[in-house]
Amino acid sequence: MSAIHPRLRFAPSPTGYLHVGGARTALFNWLYCRKHGGTFLLRIEDTDKARSTDESTRAIFEGLHWLGLDWDEEVVYQGAQVERHQRDAHALVASGHAYRDFTTAETLERLRAEATARKEPFKFDRRIAEYPQAELDARLAAGEPYAIRFRVPEGSTAWDDLVHERIEFPNKDIDDFVILRSDGTPVYNHAVVSDDIAMGITLVMRGDDHISNTPKQILLYQALGAALPQFAHLPMIHGTDGKKLSKRHGATAVGDYQHLGILPSAMANFLALLGWSPGQDIEVMMRDEMIARFDEHKLLKKAAVFDPKKLEWMNGQHLSKLPLDDVLPRVVPALVAAGLTTDADVAARAPWFRTLLDLLRVRARTIDDLVRQATPFLRDAIEYDADAVAKQWADRPATRDLLDAAAGVLAPLPEWTPAAMEGATRTLAEVRGVSAGKIFQPMRVALTGLGVSPGIFEVLELLGKERALARLHAAVRRLGEPV
RNA sequence: GGCGGUAUCGUCUAGGGGACUAGGACACGGCCCUCUCAAGGCUGGAACACGGGUUCGAAUCCCGUUACCGCUACCA
């Protein structure tokens, strides 16, 4: 049943950014190929010149690159295939599977309007396109424009969908559809089939909004005398309100998530779980594991709702579970972009940066979170968070006294090690008769300006003795000032 | 309207006739851990759309209803 060498394609039309729905379709195609040793192809469906832009094409490439979905052969541009589309269409005319239709758009519109007025469904009557041979020749000779319509045969068309199993359509419900417009350009269904045949596609995996197109395409394959590929129709992705995902739902382009500080592996992991489940309660998967576990037979039929909250959680998981070396290339540029450091600085203090980011990443959900938390460690001056100050520095004189004392016991330490710092501060707490937390919390605010940070001794160590003491003194000074 | 598709906690899902007092995850609440947060552990509430069948037995199979989605273009 399965082809010897699977060839799959992702075929977006470049009329916008790379949508998360499209990204997920691409992901499943890619996963299938990587899992089964297939070839993953990319085809840009730019037949609609009015809506297609190079910018969109670039956005699609970028989105795919970012997600790590690499294609195996040169990109195919559908717009460059029109000659073949025309050839195939005329071949169908020659073989009797299609016919020329001289009916003008205006006439069609009128007939449709009339049918609607009569409350009848409009159905194209192929008899209005039939002319005696002599008249046909005359119209042709006169150079009258005509569209080419497919002659839908009697019977019914069915296929065994990889996710839906058997689907069957009575052919009587399918109108004779246009495959080549009167201006010589191909219509979608025809272009797709012609291209898929030419590209040797063995499995067409796409959104289930194409289910109704499939019988038309199958008919085309058969008329063209080509072998049928397998079909797999993936469910759609909806917004939180259950409607098809659109701009109204906020971020829907993969690029949006990239800029929101999401890691590509987390995005891929999250997307893969929309419409597929590896079972065994497995959720978090790194790339290789995802490929290993991917199983097209476990694809789901039901549309899924895109939940940004879960995406964030997933990102937090990846942020802390990925090898540090895989997350640094994503985080360092963000730090540089925020003006907190430079590549040269990172290179010069690599071990320090690794320690810092390793400590920070477990408590961040997005790269943006991480950048925010790294700020006090990379700037000379810190900003005090009002809430943290209000909470931890409520009793200003007492806090001032405690911080002063803390600086006092830390300053003489011969070695700036966590063990030494902990000993000194805990002893201080004992002497003062307060819990250790009563010292650590105000210190945290003094050292980072924030109410949240890694362990206090890790913070002290990361900051270094000089800067740490300076911040404690600054806090003491600040607490001495009138409010 | 016609045709097609779908239907388990708010959300993502496990489940493919008895193992289901329906499991996990996100989110939400509580507790533990603890110098804060995150992570982690424990824990609470929360679902088989409805109605008929088939069967000794149905979340699982069949039919219908309802809801939602898609196609019905010389759009893709």
Side-chain angles (χ1 to χ4, degrees), chain A residues 11-13 15 45-48 50-52 78 101 103-105 108-109 112 116 119-123 145-149 161 164 167-170 172-175 177-183 185-189 191-192 207-216 233 235-236 238 240 242-244 270 273-284 300-314 316-317 319-320 360-365 369 373 388 391-392 422 425-426 429 435-445 448 450-457 459:
Chain A
S13 43
T15 53
E45 307 214 321
D46 54 352
T47 324
D48 187 346
R51 290 199 289 160
S52 303
Q78 189 164 65
D101 175 16
T103 315
T104 61
L108 236 26
E109 213 171 292
R112 227 184 292 276
T116 315
K119 293 198 165 252
E120 280 172 20
F122 174 76
K123 195 160 188 317
Y146 60 86
I148 293 182
R149 269 182 200 275
D161 197 273
H164 292 271
I167 300 180
E168 183 163 359
F169 285 80
K172 66 172 171 54
D173 293 325
I174 306 170
D175 253 9
F177 53 96
V178 171
I179 57 178
L180 202 69
R181 297 189 187 88
S182 45
D183 66 0
T185 58
V187 170
Y188 175 73
N189 286 116
V192 165
D208 68 15
D209 48 340
H210 288 290
I211 286 180
S212 309
N213 285 323
T214 307
K216 297 178 189 171
H233 288 95
M236 303 274 88
H238 289 168
T240 324
K243 299 271 168 60
K244 191 171 171 179
F270 174 75
L273 259 22
L274 255 34
W276 172 64
S277 164
Q280 297 165 263
D281 297 334
I282 293 165
E283 302 258 353
V284 180
L300 269 13
K301 301 174 183 157
K302 197 184 82 170
V305 172
F306 188 94
D307 179 7
K309 277 275 198 292
K310 189 158 185 177
L311 205 212
E312 275 203 11
W313 166 78
M314 183 65 81
Q317 295 290 316
L319 214 40
S320 48
L360 257 24
R361 65 178 178 144
V362 301
R363 59 203 91 218
R365 286 209 153 185
D369 276 349
Q373 293 177 38
K391 187 171 180 202
Q392 306 301 346
E422 180 153 15
T425 49
R426 285 201 190 269
S435 66
K438 285 280 185 291
I439 295 183
F440 298 158
Q441 284 298 89
M443 273 178 72
R444 188 184 318 281
V445 177
T448 66
L450 307 173
V452 173
S453 83
I456 201 70
F457 307 114
V459 171

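These numbers come from the heavy atoms of this one structure, side chains and all, not from hydrogens, waters or symmetry mates. If you're wondering where the values come from, they're calculated on a predicted model, not measured in any experiment. In the text below, chain A, chain B and the rest are named by the order of the sequence lines, each starting its count at 1.
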Point to revise | Evaluation steps, side chain to side chain contact (heavy atoms under 4.5 Å, CB included), between A/His233 and A/Thr214 | key: CA-CA 10 Å; A/His233 288 95; A/Thr214 307; 3.1 Å; yes
**Study point:** Who pairs with B/U21 - Watson-Crick or G-U, where each distance is under 3.5 Å
**Key:** none
Point to revise | Separation of B/C12 C1' from A/Lys301 NZ (nearest whole Å) | key: 18 Å
Practice item. Determine the interatomic distance between P on B/A22 and the same-named atom on B/C48; round to the nearest Å. Key: 10 Å
Study note, to complete from the structure: Of the listed B/G24, B/C12, B/A76, the closest approach to the A/Glu45 side chain comes from B/A76
Point to revise | Heavy-atom pair with the smallest gap, counting every atom of A/Ala147 and A/Val178 | key: CB-CG1, 4.1 Å
Point to revise | Whole angstrom value for the distance that separates P of B/A73 from CZ of A/Arg149 | key: 9 Å
Practice item. Could you check which of B/A76, B/C74, B/A14 has an atom nearest any side-chain atom of A/Leu300? Key: B/A14
Exercise for review: Please state the P separation for the pair B/C61 and B/U6 - nearest whole angstrom.
Suggested key: 12 Å
**Study point:** Whole-angstrom distance between B/G1 and B/G40, as gauged at atom P
**Key:** 49 Å
**Study point:** Closest to side chain of A/Thr47, choosing from B/A76, B/A7, B/G4
**Key:** B/A76
Review point. Between A/Met236 and A/Asp208, does a side chain to side chain contact (heavy atoms under 4.5 Å, CB included) hold up when you go through it step by step?
Key: CA-CA 7 Å; A/Met236 303 274 88; A/Asp208 68 15; 3.4 Å; yes
Exercise for review: Considering non-hydrogen atoms only, spot the tightest contact between A/Thr47 and A/Pro186 and give its length.
Suggested key: CG2-CG, 3.9 Å
Revision key, fill the gap. As its Watson-Crick or G-U partner within any shown strand, both distances under 3.5 Å, B/G45 has none
Practice item. Might you confirm whether atom CD of A/Glu109 has over 12 heavy atoms from other residues, nucleotides or ligands at distances under 6.0 Å? Key: no
**Study point:** Residue whose nearest RNA chain B nucleotide is more 5′ - A/Ser212 or A/Val187
**Key:** A/Ser212
Exercise for review: Give one of base, sugar-phosphate or nothing for A/Lys172, where a contact means two heavy atoms less than 4.0 Å apart.
Suggested key: nothing
Review point. How long is the line joining CD of A/Gln280 and P of B/A25, in whole Å?
Key: 15 Å
Review point. Any idea which heavy atoms bring A/Gln78 and A/Asp46 closest together, and the distance?
Key: N-OD1, 3.3 Å
**Study point:** Counterpart base for B/G1, defined by Watson-Crick or G-U wobble contacts under 3.5 Å
**Key:** B/U72
Review point. NA contact type, A/His164, heavy-atom cut-off 4.0 Å: base, sugar-phosphate, or nothing?
Key: sugar-phosphate
Revision key, fill the gap. Partner of B/G40 under the Watson-Crick or G-U wobble criteria, both distances under 3.5 Å, comes out as B/C32
Point to revise | Base B/G4 paired with A/Glu168 side chain (donor-acceptor, <3.5 Å) | key: no
Exercise for review: Describe the nucleic acid contact of A/Thr103 in one word from base, sugar-phosphate, nothing, applying a heavy-atom distance below 4.0 Å.
Suggested key: base
Review point. Along nucleotides 27-44 of chain B, 5' to 3', which nucleotides get a B, which get an S, and which get a -, given that the test is a protein heavy-atom distance under 4.0 Å?
Key: S-------BBBSSS----
Practice item. Would you indicate what A/Tyr188 reaches in the nucleic acid, counting non-hydrogen atoms under 4.0 angstrom: base, sugar-phosphate, or nothing? Key: base
Check your understanding: Out of B/A73, B/C74, B/G23, which nucleotide sits closest to the side chain of A/Asp175?
Key -> B/A73
Exercise for review: Please state the C1' separation for the pair B/C12 and B/A73 - nearest whole angstrom.
Suggested key: 36 Å
Point to revise | Residues, nucleotides or ligands: over 12 heavy atoms within 6.0 Å of A/Lys309 NZ | key: no
Revision key, fill the gap. Between CE of A/Met314 and P of B/A25 the distance, given in whole Å, is 13 Å
Point to revise | Pairwise P distance, B/A25 and B/A59 [rounded to whole Å] | key: 24 Å
Exercise for review: Using a 4.0 Å heavy-atom cut-off across all strands, classify A/Asn213 as base, sugar-phosphate, or nothing.
Suggested key: base
Practice item. Identify, between A/Lys216 and A/Phe169, the residue whose nearest nucleotide on RNA chain B lies closer to the 5' end. Key: A/Phe169
Review point. Distance between the P atoms of B/G30 and B/G51, in whole angstroms?
Key: 37 Å
Review point. What are the two closest non-hydrogen atoms of A/Gly455 and A/Arg444, and how far apart are they?
Key: C-NH1, 4.4 Å
Check your understanding: Which whole number of Å gives the distance between the C1' atom of B/C42 and that of B/C33?
Key -> 11 Å
Review point. Taking OH from A/Tyr146 and P from B/C74, how many angstroms apart are they, rounded to a whole number?
Key: 17 Å
Revision key, fill the gap. For B/A7, the nucleotide meeting Watson-Crick or G-U wobble distances (both under 3.5 Å) is B/U66
Check your understanding: What integer distance in Å separates A/His233:NE2 from B/G5:C1'?
Key -> 11 Å
Point to revise | Between CG on residue A/Leu311 and CG on residue A/Leu274, distance to nearest 0.5 Å | key: 9.0 Å
Exercise for review: Among the candidates B/G1, B/C3, B/C74, find the nucleotide nearest to the side-chain atoms of A/Arg112.
Suggested key: B/C74
Practice item. Nearest whole angstrom, please: distance from the C1' of B/C69 to the NE2 of A/His210. Key: 14 Å
Revision key, fill the gap. Between A/Leu300 and A/Trp276, the two heavy atoms sitting closest are CD2-N, 3.8 Å
Check your understanding: Nearest to the side chain of A/Leu108, which nucleotide is it out of B/G24, B/C71, B/C74?
Key -> B/C74
Revision key, fill the gap. Rounded to whole Å, CG of A/Asp173 lies from C1' of B/G70 at a distance of 15 Å
Point to revise | Same-atom distance (P) from B/C68 to B/U60, integer angstrom | key: 23 Å
Review point. Looking for any heavy atom pair under 4.0 Å, which part of the strands does A/Ser182 touch: base, sugar-phosphate only, or nothing?
Key: base
Check your understanding: Which part of the nucleic acid, if any, lies within reach of A/Gly275 when heavy atoms closer than 4.0 Å are counted: base, sugar-phosphate only, or nothing?
Key -> sugar-phosphate
